[in-house]
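By convention in this document, chain letters (A, B, ...) are assigned in the order of the sequence lines, proteins followed by strands, and residues within each chain are numbered from 1.
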2 protein chains.
Amino acid sequence: MGKAEDTKARLERAALTLFVARGVAETTTKEIAMAASVAEGTIYRYFPSKEQLALDLFLRHHQGLAGALAEAQRPAMGLRAKIEAIVRCYCEWADRDWTLFAYHLLNQHSFLIEVPDDMANPVTVVRDVISQAMKADEIPRRNVDLVAASAIGVVMQSATYKVYGRFTGDLSDHVRFFADAAWAVLSVKEK
Amino acid sequence: MGKAEDTKARLERAALTLFVARGVAETTTKEIAMAASVAEGTIYRYFPSKEQLALDLFLRHHQGLAGALAEAQRPAMGLRAKIEAIVRCYCEWADRDWTLFAYHLLNQHSFLIEVPDDMANPVTVVRDVISQAMKADEIPRRNVDLVAASAIGVVMQSATYKVYGRFTGDLSDHVRFFADAAWAVLSVKEK
DNA sequence: CATTTATAAGTGAGCGGTCACTCAATTTCA
DNA sequence: TGAAATTGAGTGACCGCTCACTTATAAATG
């Protein structure tokens with residue numbers, strides 16, 4: 001790794017850690033620089049603004065995750081298998097870089113509006129899989145967005161509670177349960 | 001309503017609306033005052049700081065919701081009925097004052113650490129109900145926090161997506177589905 | 001090789017501007 | 001008329017960002 005790339009990476013990691021610990025608005029450029037062991041001005045050799053740095057970090061993970069989920073579900077046959085593939089991939093991403101994952105989770109509100117409509121999107125991947133399964137009558141036909149939200153919530157709320165420290169350990173340890181639970185949500189019979 | 005109480009209520013409502021629309025850190029005291037049609041200084045007659053105003057709003061809803069959920073589930077017999085009572089109560093609170101609800105939902109991260117341990121807590125209510133049901137062998141025994149998170153996620157993620165505008169309409173219209181889905185999550189068989 | 005030249009990377013004091021908060025003066029109203 | 005409520009210009013702290021300058025690295029030259 002070149003020296004410049006190393007500096008940039010150190011800045012990103014420092015920013016990420018502080019953003020998760022104290023929030024984006026509450027983190028100063030001076031703090032980021034200190035944590036990365038560079039001068040404040042150096043930040044601006046690599047990023048046009050603090051806001052852009054924050055957005056870069058978010059979008060990179062957002063797109064990466066969306067691509068990975070799309071790849072993961074593709075080879076799986078049938079909704080049940082696709083769900084498990086998606087859940088496994090999601091949990092692995094979370095466990096691999098928990099700080100980045102937590103940052104993405106905690107800052108959706110701020111950045112999601114800045115995501116272009118045509119950009120790969122984790123939610124869309126899930127939504128499409130569910131939509132297909134409804135068309136194929138694998139599960140009852142319902143409001144896709146509502147059902148997708150509920151299924152996604154099974155995993156995402158658990159991840160959120162891990163951020164809060166309400167429980168510990170790898171998310172990947174519970175892939176089977178998450179997949180079963182999400183499947184159960186999607187399969188709820190109409191009355 | 002006395003004049004002073006009216007002013008305080010207007011300030012709270014103005015702050016709430018702005019906090020939801022633009023975020024707490026991004027909202028200035030000048031904006032709050034303007035939206036409430038008072039001078040900036042008036043804020044400080046009723047609140048010691050902007051931060052305390054934000055915390056007050058959060059805690060009032062947090063405690064109110066916790067109390068309401070505890071009340072709602074008490075008379076219901078059996079886990080299935082308790083879940084439905086909790087879900088219904090939660091959705092009604094959301095629909096009754098959506099701005100306040102959205103504020104609470106979007107700012108958990110910032111304020112949850114400031115909630116005293118002994119304070120009534122919406123999550124604890126749900127957790128305890130599930131814990132009881134496990135003891136009574138109504139549902140499989142599992143990691144309570146994990147299962148509670150997943151069940152709660154069914155409803156909360158849907159609420160979150162409503163905040164994002166991914167779908168519209170009252171949450172209360174879907175109480176039955178949420179209850180069924182949460183129940184399904186809790187009932188997932190161990191393999 | 002040594003030496004000059006060119007470019008990239010890093011620095012930190014300081015600037016312009018914002019913002020939460022204060023307070024002396026003014027208005028409201030019982 | 002006196003206490004309570006309100007006002008808004010003013011204050012000081014802070015913060016993102018700039019920029020003139022230094023230092024490290026690489027390229028060119030003879």
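- Within 4.0 Å of B/T42, counting heavy atoms only, lies at least one base atom of the nucleic acid.
- Between A/R45 and A/T29, the residue whose closest nucleotide on DNA chain D is further toward the 5' end is A/T29.
- Counting any heavy atom pair closer than 4.0 Å across all strands shown, B/T28 reaches sugar-phosphate atoms only and no base atom.
- Residue A/A39 has its side chain nearest to C/dT11 when only C/dT11, D/dT7, D/dG16 are considered.
- Phosphate proximity of D/dG16 to A/S49: absent, as no side-chain N or O sits under 4.0 Å from OP1 or OP2.
- Of the candidates C/dA20, D/dG16, D/dT7, the closest approach to any side-chain atom of B/E40 belongs to C/dA20.
- In summary, A/R10 and A/D6 engage in a salt bridge, as defined by a charged side-chain N under 4.0 Å from a carboxylate O.
- Among the heavy atoms of the strands, none lies under 4.0 Å from B/F47.
- We find that B/D170 and B/R96 are not joined by a salt bridge, their nearest charged nitrogen and carboxylate oxygen being 4.0 Å or further apart.
- Between B/H174 and B/C91 the shortest side-chain heavy-atom distance does not fall below 4.5 Å.
- OP1 or OP2 of D/dT6 lies within a sub-4.0 Å distance of a side-chain N or O belonging to B/T7.
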For residues 76-87 of chain B, run the donor-acceptor check on the side chains, cut-off 3.5 Å, and write out each pair with its distance to 0.1 Å, sequence neighbours left out.
{"residue": "B/R80", "atom": "NH2", "partner": "B/D180", "partner atom": "OD1", "Å": "2.5"}
{"residue": "B/K82", "atom": "NZ", "partner": "B/Q73", "partner atom": "O", "Å": "3.1"}
{"residue": "B/K82", "atom": "NZ", "partner": "B/A76", "partner atom": "O", "Å": "3.2"}

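- Note on B/Y46: every side-chain N or O is 4.0 Å or more away from OP1 and OP2 of D/dA5.
- Between A/F101 and A/H61, the ring planes lie perpendicular to each other; the angle is over 60°, past the 30° to 60° tilted range.
- Within residues 15-27 of chain A, the residues having any heavy atom under 4.0 Å from DNA chain D are, by residue number, A/T27.
- Here B/D95 pairs with B/S172 under the side chain to side chain donor-acceptor pair (under 3.5 Å) rule; sequence neighbours left out.
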